[in-house]
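Each chain gets a letter, A, B and so on, in the order the sequences are listed, and its residues count up from 1.
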2 protein chains.
Amino acid sequence: MNGPDIELPENVALAWGLRNRPSRGPKRSLSLDQVVSTGIQIAQADGLAAVSMSRVASELGVATMSLYRYVPTKHDLLDLMVDTAYGPPPRPRGVDEGWRPALARWGEGNLTALRRQPWMRHVPISGPPINPNQVRWLEYGLAALRGTGLRATEQISTIMLVSGYARSWATLTADIAEAAARTGQTPAEVGLRYWQHLAVVTAPGPYPAIHELLAEGGEYDEDVDLEWRFGLGRVLDGVAVMIEARAAEASRDAGPSGDGGPSGDGGVPAGA
Amino acid sequence: MNGPDIELPENVALAWGLRNRPSRGPKRSLSLDQVVSTGIQIAQADGLAAVSMSRVASELGVATMSLYRYVPTKHDLLDLMVDTAYGPPPRPRGVDEGWRPALARWGEGNLTALRRQPWMRHVPISGPPINPNQVRWLEYGLAALRGTGLRATEQISTIMLVSGYARSWATLTADIAEAAARTGQTPAEVGLRYWQHLAVVTAPGPYPAIHELLAEGGEYDEDVDLEWRFGLGRVLDGVAVMIEARAAEASRDAGPSGDGGPSGDGGVPAGA
DNA sequence: TAGCTTCTGCGTATGGTCTACGCAGAAAAG
DNA sequence: CTTTTCTGCGTAGACCATACGCAGAAGCTA
């Protein structure tokens with residue numbers, strides 16, 4: 001029927017299993033999935049730095065160069081590792097769940113995935129989402145925002161907002177957790193030490209806001225996810241403001257010249 | 001007066017220039033700044049991958065191993081490069097600028113810095129901000145939120161929200177721009193091609209939200225910063241909701257048991 | 001001024017990394 | 001059976017970061 005007129009890049013075709021396997025030569029002794037999941041195992045066990053082509057190969061009992069029959073480049077392997085390690089997004093709860101809990105669960109899912117495989121944060125993002133699970137995540141993220149009146153580009157901005165925050169948060173907490181594991185401390189101790197270092201370096205200079213923050217001090221061992229949820233709640237509140245404004249505008253039906261909501265770009269200056 | 005009881009890590013002391021230079025041996029032929037800025041020049045010209053110790057050294061006319069008299073490790077060099085390349089944050093406009101424009105400018109500044117030196121997005125974040133400019137950025141970010149009634153941890157979450165979004169956005173646009181430069185296309189063409197690829201791979205499967213998005217189609221060559229500002233505006237709106245709620249609560253003076261604002265964690269489920 | 005100490009630049013060497021190239025042989029097609 | 005095509009993989013090249021240790025410069029102390 002519809003032969004794809006557009007030629008997909010090698011990466012993408014590979015990730016989606018769209019490479020017509022040849023029937024001529026000898027059978028392959030491995031599968032792409034084996035290679036990818038071996039890479040994931042190594043990354044999970046010994047960190048991303050331990051994932052070398054020779055390590056993966058020896059783990060599979062083959063020679064290093066054999067892997068290049070399955071993967072064009074090491075970076076493509078890493079991309080595939082990330083895609084399968086991310087896994088599928090959390091399924092939408094119901095049709096009429098509402099955008100807010102849906103997007104919240106989507107964000108939480110992002111964080112959970114990154115927490116489960118902390119090495120993923122060290123794989124640089126190689127472009128817009130195009131691999132299977134990435135696309136599924138994109139689908140569910142957009143699905144959460146369907147029917148809200150948000151435009152296409154706005155939906156994408158919103159999704160990047162949430163996923164970017166999840167990545168930031170996962171990175172921070174994982175960095176602290178790893179530093180703690182390295183030095184045999186608790187994460188709370190590492191956090192405390194950070195604040196101490198910050199206090200030392202900011203002592204001579206004028207850093208009123210930081211000093212006020214340090215003075216407030218407080219509990220470092222409390223549930224860190226509380227702070228995460230705060231930020232997520234702010235995003236959702238902000239999106240809600242816009243959606244409600246759009247809805248009000250739409251129900252007014254004959255909007256005169258309504259461009260954007262009440263606080264469409266409010267407070268954001270035009271220039272740099 | 002106050003000798004620092006707390007021993008700073010080597011990295012940090014180095015970044016802050018807190019290493020008491022010895023008076024005994026021969027004079028050093030280089031300075032740390034020279035090493036760092038040479039690294040930045042190389043990264044800016046040929047990308048982060050081109051920054052090798054030997055390349056930096058040869059650019060400076062010294063032997064490779066000489067650099068290790070200035071920097072303990074290559075990764076420390078990268079951290080220093082990022083810190084100085086980021087530069088100082090945009091100065092606050094005035095004392096009573098208000099938190100919203102201040103935080104907006106802070107976010108824009110983040111994006112601008114990352115846009116000016118796109119290689120920075122490939123340097124993995126190595127921990128909470130502790131180097132001089134990072135701390136200055138932290139200071140100004142917190143300063144924007146002073147007096148808003150937000151708690152310390154909430155201020156930090158908010159800042160991570162904005163900076164994470166800026167990083168996401170900078171990464172996406174820089175990836176597209178670089179892909180365009182590589183293939184001699186315009187960014188708009190690269191974006192279009194992405195949507196085409198997305199259409200191809202999602203054609204067989206059930207991706208209603210993505211297909212709706214693709215059907216909406218639209219203009220790819222419009223001002224990309226418009227989409228960026230949309231997300232930033234949402235964050236600021238969400239923060240505004242919370243701040244106003246806190247203010248209202250505080251003016252009610254004798255709040256009975258007010259824990260969080262009206263939509264404190266609203267819509268965010270507790271479990272994963 | 002002599003000697004000691006300390007620090008500098010850096011030559012050498014180790015043990016990695018990715019991957020281009022090409023060959024021997026296996027499996028299927030004609 | 002021949003030809004084609006694909007497989008695994010051995011070899012080799014071009015990098016990389018960095019541990020170690022040495023010769024000599026520069027300052028401090030006597």
Side-chain angles (χ1 to χ4, degrees), chain A residues 10-11 13-14 17-36 38-39 42-43 46-81 119 122-124 126, chain B residues 10-11 13-14 17-36 38-39 42-43 45-82 119 122-124 126:
Chain A
E10 186 66 17
N11 312 332
L14 207 78
L18 299 176
R19 268 292 161 266
N20 36 357
R21 55 283 159 94
S23 56
R24 269 329 160 96
K27 298 259 167 77
R28 355 185 73 181
S29 62
L30 265 46
S31 74
L32 179 56
D33 277 344
Q34 278 178 352
V35 175
V36 170
T38 302
I42 296 169
D46 298 344
L48 189 68
V51 180
S52 68
M53 296 305 264
S54 70
R55 172 77 185 275
V56 174
S58 79
E59 212 97 345
L60 282 164
V62 300
T64 305
M65 289 313 290
S66 305
L67 299 182
Y68 287 94
R69 293 281 174 197
Y70 298 84
V71 158
T73 233
K74 186 194 177 181
H75 203 90
D76 294 311
L77 172 58
L78 294 182
D79 280 348
L80 291 172
M81 284 168 55
W119 54 269
H122 290 132
V123 180
S126 61
Chain B
E10 185 67 18
N11 311 331
L14 207 78
L18 298 176
R19 269 292 161 265
N20 35 357
R21 56 282 159 97
S23 56
R24 265 336 156 93
K27 296 260 166 76
R28 352 185 77 182
S29 61
L30 266 45
S31 73
L32 179 57
D33 277 342
Q34 278 178 352
V35 175
V36 171
T38 301
I42 295 168
D46 297 345
L48 189 67
V51 179
S52 69
M53 296 305 265
S54 70
R55 172 78 185 273
V56 174
S58 78
E59 213 97 344
L60 282 164
V62 300
T64 305
M65 289 311 291
S66 305
L67 298 182
Y68 287 95
R69 293 281 174 198
Y70 298 84
V71 157
T73 234
K74 186 193 178 182
H75 203 90
D76 294 311
L77 171 58
L78 295 182
D79 280 349
L80 291 172
M81 283 167 56
V82 168
W119 54 268
H122 291 131
V123 180
S126 63

Checklist line | Distance, nearest 0.5 Å, that separates NE2 of B/His122 from CG of B/Leu78 | finding: 12.5 Å

Next item on the list: Residues of residues 50-61 of chain A with any non-hydrogen atom less than 4.0 angstrom from an atom of DNA chain C: list those, numerically ordered, please.
Entry: A/Ser52, A/Met53, A/Ser54

Check: Rounded to the Å, how far apart are A/Lys74 NZ and D/dC15 P?
Finding: 19 Å

Notebook entry, point to check: Within a strict 4.5 Å, meaning less than it, do heavy atoms of the B/Leu80 and B/Val35 side chains meet?
Noted result: no

Note to self: Minimum heavy-atom separation for B/Val62 and B/Leu30, please, with both atom names.
What the structure shows: CG1-CD1, 3.9 Å

Next item on the list: Starting from P on C/dT17, measure out to CG on A/Leu77 and report it in whole angstrom.
Entry: 14 Å

Next item on the list: To the nearest Å, give me how far apart OH (A/Tyr68) and C1' (D/dG10) are.
Entry: 15 Å

Item checked: Separation between CG of B/Asn11 and OG1 of B/Thr73, rounded to the nearest 0.5 Å -> 8.5 Å

Check: Are OP1 or OP2 of D/dA17 and a side-chain N or O of B/Thr64 less than 4.0 angstrom apart?
Finding: no

Check: Which residue pairs pass the salt bridge (Lys or Arg N to Asp or Glu O under 4.0 Å) test when at least one of the two sits in residues 46-65 of chain A, sequence neighbours left out?
Finding: A/Asp46-A/Arg55, A/Arg55-A/Glu59

Check: D/dA17 C1' sits how many Å from B/Leu78 CG, rounded?
Finding: 12 Å

Notebook entry, point to check: What's the shortest heavy-atom distance between A/Pro72 and A/Leu14, and which atoms?
Noted result: CD-CD2, 3.8 Å

Check: What is the distance from atom CH2 of A/Trp119 to atom CE of A/Met81, rounded to the nearest 0.5 Å?
Finding: 4.0 Å

Next item on the list: Quantify the bending of the helix from C/dT1-D/dA30 to C/dG30-D/dC1 as the angle between its end axes, each fitted on five pairs, to 10°.
Entry: 0°

Notebook entry, point to check: Roughly, in whole Å, what's the span from CZ in A/Arg19 to C1' in D/dC6?
Noted result: 15 Å

Notebook entry, point to check: Between A/Arg28 (CZ) and C/dA28 (P), how many Å, whole number?
Noted result: 14 Å

Notebook entry, point to check: Could you give all pairs that pass the salt bridge (Lys or Arg N to Asp or Glu O under 4.0 Å) test and reach residues 60-81 of chain A, with sequence neighbours left out?
Noted result: none

Item checked: Under 4.0 Å protein heavy-atom contacts per nucleotide of nucleotides 21-30 of chain D, with B for base, S for backbone only and - for none -> B--BBBBS--

Check: Could you give the CG-to-P distance, from B/Leu30 to C/dT8, as a whole number of Å?
Finding: 12 Å

Item checked: Given C/dG9, C/dC18, D/dT18, the nucleotide with the shortest approach to the side chain of B/Ser29 -> C/dG9

Next item on the list: Between D/dT7, C/dC18, D/dA17, spot the one nearest the side chain of A/Tyr70, thanks.
Entry: D/dT7

Item checked: With sequence neighbours excluded, residues passing side-chain hydrogen bond (donor to acceptor under 3.5 Å, both in side chains) with A/Gln34 -> none

Checklist line | Minimum-distance nucleotide to B/Met65 side chain [options: C/dT8, C/dC21, C/dC10] | finding: C/dC10

